[in-house]
K.L.:
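There's a structure below that I have some questions on.
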Amino acid sequence: MAKITTLKAAVSELIDNGDSVALEGFTHLIPYAAGHEIIRQKKQDLTIIRMTPDVIYDQLIGMGCVRKMIFSWGGNPGVGSLYRFRDAVEKGWPQPLEIEEHSHADMANAYEAGAANLPFATLRAYIGCDLPKYNRTIKQIECPFTGEKLAAVPAIRPDVTVIHAQQADRKGNVLLWGIVGVQKQAVLAAKKVIVTVEEVVDKLEPHANQTVIPGWVIDAVCEIPGGAFPSYAQGYSTRNNAFYQQWDVIARDRETFSLWMERHVLDTENFAQFKDSIGVRSVA
Amino acid sequence: MAKITTLKAAVSELIDNGDSVALEGFTHLIPYAAGHEIIRQKKQDLTIIRMTPDVIYDQLIGMGCVRKMIFSWGGNPGVGSLYRFRDAVEKGWPQPLEIEEHSHADMANAYEAGAANLPFATLRAYIGCDLPKYNRTIKQIECPFTGEKLAAVPAIRPDVTVIHAQQADRKGNVLLWGIVGVQKQAVLAAKKVIVTVEEVVDKLEPHANQTVIPGWVIDAVCEIPGGAFPSYAQGYSTRNNAFYQQWDVIARDRETFSLWMERHVLDTENFAQFKDSIGVRSVA
Amino acid sequence: MSTQYSSSEMMTIAASRLLQNGQVCFVGIGQPSAAANLARLTSTPDIVLIYESGTIGTKPDVLPLSIGDGELSETADLVVSVPEMFRYWLQGGHVDIGFLGAAQIDRFANINTTVIGDYNNPKVRLPGAGGAPEISTNCKEILIILKQSSRAFVEQLSFITSPGFMEGGDSREEAGLTNKGPVAVITDLGVLEPDPVSKELVMTHLHEGITVDQARENTGWDLKFADHLQTTALPTDEELKVLRDLNERTAKAHAGAE
Amino acid sequence: MSTQYSSSEMMTIAASRLLQNGQVCFVGIGQPSAAANLARLTSTPDIVLIYESGTIGTKPDVLPLSIGDGELSETADLVVSVPEMFRYWLQGGHVDIGFLGAAQIDRFANINTTVIGDYNNPKVRLPGAGGAPEISTNCKEILIILKQSSRAFVEQLSFITSPGFMEGGDSREEAGLTNKGPVAVITDLGVLEPDPVSKELVMTHLHEGITVDQARENTGWDLKFADHLQTTALPTDEELKVLRDLNERTAKAHAGAE
């Protein structure tokens, strides 16, 4: 049952060192504020899971929080490389990064299977692709009716899923809309769930069949206006594409990155202070 | 690509004798008008598929259109038996009815697999249930990762899926809302698709993430206001529960049924005339 | 407390008392739906009701006649597709209580809603399984409600649609089911609960005025009674008032054509 | 027609001409997205554009920087979850054309977007597969767009992320793929198409002013040319105007922070 609480308390109580954590979002609604709080609390040895790890995963990796990453596309969307991710994979800095790599179709199906409480997913995938040579979790299965061979992949069941959404009500029911990605599946597949929202409202007003996640499958709801910056929350903000371009410069160099993180993340108390410190007005 | 046409033309051109046809809907949005048109056109030898066959399937069976029914719950919802279905199964009238029987979880998964172009679905089902003794399409599969045994069922891929929805635009894009059942999956799993709608509008105004089915996966769209009667279309009508109770009387006796069908369905030209003939005002 | 009440009212009220606040309950149409909504309107306002039509957190003002009445979707916290309902919510393990009706039941709480007589040459063809087999195997616990009669409480089912304790003892666990299974069967005569070891249903409560003989006569097997057989508490004035108001609103709503 | 244009503009325009009205096109971000939207704004107004973020039938006014810009969902006919996108729409078989970019390509149109060097000890770690492997195997046909250079058009890929014709000949079909695979590779120098039998990419068009030698120098294998090598038609005034307007709107939209 959802508790409405601070992000500091939620991350402290619900994420342990060594956990597998999925901060999901498909370009839209990325839980940046939650990622920063994980960095501030110096969580260690995490396995981070996401289809599209981007800048916030680059930060988690560069700050030494991560042991392993499970992913299907790791880049700065529309810009290029994630230099901290590359540095960890190519040079082992600040520590070696184990990777478990999939395709999008695989991970989307694997989360879906997790939400459905199935141990595996079946899909038409990976023919002619080299990934199965390096990722031993990808197997084959035979259809018991047609004899066809299909790919089988294990379900994803994160210890903790973290998402950002537009609204929650005071019981912790959550409403999100726009590009909803794989967030509902990631939430339902997880053991524990943290949701940051743009605002807590007295009453959600979902239109028919919109994506509502009931509070009784969520552990903590935290109100963090603008908590997806530089990603966005449709209806609340737009994507700050300029920041993604700036990140290309910040992350390229180890020292520039470390100083930036220290000044803007470690030396700030919360996401509003972070945004002030980089000169972005917090939009409440 | 969707053609906006008459129901008469759509049923005539798209449904052949011997086809497997799913007129889907979960109590809400049942395509009654389309069912009547199939009866008027005296289609034969059909395999009819639906999770919850109700009064319109009772009519199709009683009128001799059906060779086989694939289903998971066959009753008059909230009232009791389908007497024409029972008469066909128990006494072979008007002809023997082959049945292939599943559970809801099975059929929901089987349609879902059909929509996903998979040959089968995997689910946690049927432990301790006698259905697999009589339905040889239900098999077991072993998880290649955990060794767990799960149920496997073949995907459903109807020759034709027919649904009723609230609105279409002039390109044949369809919008439905409320209890959406398994309709989207049944549409995407089918080779051919007919959609009847309450109204054709110039422009759909879906809210974010509502259920829109694009016209390019639909073959025919037919405007039939009130075409779900005695079921309903949320936002347009309410369920006529009294008719379902009356059906209990009409369908109990072969002759009463046959006379009723002749007078109200065979001797009428279309659904508006049918509703006039039984004294229900057509609501446009 | 001296108010008159029917055995059907007693059954619904007794069943409603077995639900607990905050539980997530997957509700069958008919008797289960009446009892679950009575509970929601009396002792368990925060119960979450789910109907297999995809409606989650519904708060209907009148009882639905069908599993898909508009009342259910209009008062729901969320409405999902039927595949999502069965995959993510039921199979996903999010439901505490599955609340089922039945046509027939046996001493191990296995139920039949499929057929009376031979499957391929049936005497009475019933509607079939619907969601019941997977409700019974995927919810944490099960409640069953049906009227007690020797035609319904039978020695041998023609067909097991949804498993209770199968052949009793550990047979349910041995079949791979890790959930608790049926915890109570509520009837118009009383309440039956499984013996902790044999898993055979034992009559633990009789409603006020019901005798052991009546229960025995209306059961098709040699019914066992608890050592400390209890009498169900009488309906309270509030329970009766809320139930009757609900039934009245419901009758009015379903009476005529639109 | 005497207007100056860049090689990048020529590449985008040449690619846009290969799309047909009414097609359903699964669009990669970057060059494929630019070409597909140019087509939508010129010759194929009824093309249906799908982005893997779940946006179907999008009509963006400016090019998205990311696969999930708000512009895509706000102008879409429908927005679905990512699992639904990959399961029902892509794997479901509803997509005519998959339009991909790549970091590297080989003579059989296999592409690499994963790693340069050894997978476990990489020289350059690229972003990875994303949707590409299943786009390439589940769409009816594939278009590939990338700049031609000897670093990108290589004799031997470090890693095959998405199959083209694998080892050529029938090897794609033998692996179980029944769709057509890559039908054209559009570059800044011209267009390559697979030989009907060997499936090796053959240069069939050179853009105006590009020589055979230039194409050869920018290809890491011994490039073959079609017997009837053609010259790509020059950009029309309309193509250039629409493309430049689009790029200008896009640059303006993405220039500053909000």
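Lettering of chains follows the sequences in order, A, B, ..., and the numbering in each one begins at 1. Atom set for the values below is all heavy atoms of this structure, side chains included, hydrogens, waters and symmetry mates excluded.
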K.L.:
Any side-chain donor paired with an acceptor under 3.5 Å for C:Ser66 and C:Asp69?
P.N.:
yes
K.L.:
Using a strict cut-off of less than 4.0 Å between a Lys/Arg side-chain nitrogen and an Asp/Glu carboxylate oxygen, indicate whether C:Glu167 and C:Lys199 qualify as a salt bridge.
P.N.:
no
K.L.:
Taking only Lys NZ, Arg NE, NH1 and NH2, and the carboxylate oxygens of Asp or Glu, determine whether C:Glu134 and B:Arg124 approach each other closer than 4.0 Å.
P.N.:
no
K.L.:
Given a strict heavy-atom distance threshold of 4.5 Å, which part of B:Phe71 is in contact with chain C: side chain, backbone, both, or neither?
P.N.:
side chain
K.L.:
For B:Met107, is it the side chain, the backbone, both or neither that has a heavy atom under 4.5 Å from a heavy atom of chain C?
P.N.:
neither
K.L.:
Which atoms of B:Ile99 are under 4.5 Å from chain C, going by heavy atoms: the side chain, the backbone, both sets, or neither?
P.N.:
side chain
K.L.:
Given a strict heavy-atom distance threshold of 4.5 Å, which part of C:Val124 is in contact with chain B: side chain, backbone, both, or neither?
P.N.:
both
K.L.:
Looking at chain B, which one of C:Ala76, C:Gly68, C:Pro127, C:Gly176 has the largest number of heavy-atom pairs inside 4.5 Å, strictly under?
P.N.:
C:Pro127
K.L.:
Can you tell me if CD on B:Glu100 sees more than 12 non-hydrogen neighbours from other groups inside 6.0 Å?
P.N.:
yes
K.L.:
Checking C:Ser81 against chain B: side chain, backbone, both or neither under 4.5 Å from a heavy atom?
P.N.:
both
K.L.:
Quick check on the interface: out of C:Glu71, C:Glu74, C:Lys123, C:Glu52, who has the most heavy-atom pairs with chain B under 4.5 Å?
P.N.:
C:Glu52
K.L.:
Salt bridge check, B:Arg252 against B:Asp248: does any charged N sit closer than 4.0 Å to a carboxylate O?
P.N.:
yes
K.L.:
Given the options B:Pro230, B:Ala105, B:Ser81, which has more heavy-atom pairs under 4.5 Å with chain C than any of the others?
P.N.:
B:Ala105
K.L.:
For the candidates B:Asn109, B:Val180, B:Leu123, B:Thr52, which exhibits the highest count of non-hydrogen atom pairs separated by less than 4.5 Å from chain C?
P.N.:
B:Asn109
K.L.:
Is the positively charged end of B:Arg239 above the ring of B:Tyr244, judged by distance under 6.0 angstrom from the centroid and angle within 45° of the axis?
P.N.:
yes
K.L.:
Please classify the contact between B:Tyr232 and chain C as side chain, backbone, both or neither, with a heavy-atom cut-off of under 4.5 Å.
P.N.:
side chain
K.L.:
Hydrogens and angles aside, do C:Arg40 and C:Asn37 bring a side-chain donor and acceptor to less than 3.5 Å of each other?
P.N.:
yes
K.L.:
Donor-acceptor check, side chain of C:Asn179 to backbone of C:Glu141, threshold 3.5 angstrom: yes or no?
P.N.:
no
K.L.:
Under 4.5 Å heavy-atom distance to chain C, tell me which part of B:Gln183 shows up: side chain, backbone, both or neither.
P.N.:
neither
K.L.:
Between C:Gly128, C:Ser33, C:Ser136, C:Ser53, which has the largest tally of heavy atom pairs under 4.5 Å with chain B?
P.N.:
C:Ser53
K.L.:
Looking at B:Met51, B:His28, B:Gln234, which makes the most heavy-atom pairs under 4.5 Å with chain C?
P.N.:
B:Gln234
K.L.:
Tell me if a side-chain donor or acceptor on C:Asp188 pairs with a main-chain N or O of C:Lys147 at a distance below 3.5 Å.
P.N.:
no
K.L.:
Please indicate whether C:Arg151 has more than 12 foreign heavy atoms, meaning atoms of other residues, nucleotides or ligands, lying under 6.0 Å from its CZ.
P.N.:
no
K.L.:
Can you say whether C:Asn110 sits under 4.5 Å from chain B via the side chain, the backbone, both, or neither, judging by heavy atoms?
P.N.:
neither
K.L.:
Answer with side chain, backbone, both or neither: which region of C:Ile29 has an atom nearer than 4.5 Å to a non-hydrogen atom of chain B?
P.N.:
neither
K.L.:
Which of the residues C:Pro163, C:Pro133, C:Pro83 is involved in the greatest number of heavy-atom pairs with chain B at under 4.5 angstrom?
P.N.:
C:Pro83
K.L.:
Within the 3.5 Å criterion, strictly below it, is a donor on B:Asp106 or B:Tyr126 matched to an acceptor on the partner's side chain?
P.N.:
yes
K.L.:
Any idea which of B:Leu131, B:Thr211, B:Val79 has the most non-hydrogen atom pairs under 4.5 angstrom with chain C?
P.N.:
B:Leu131
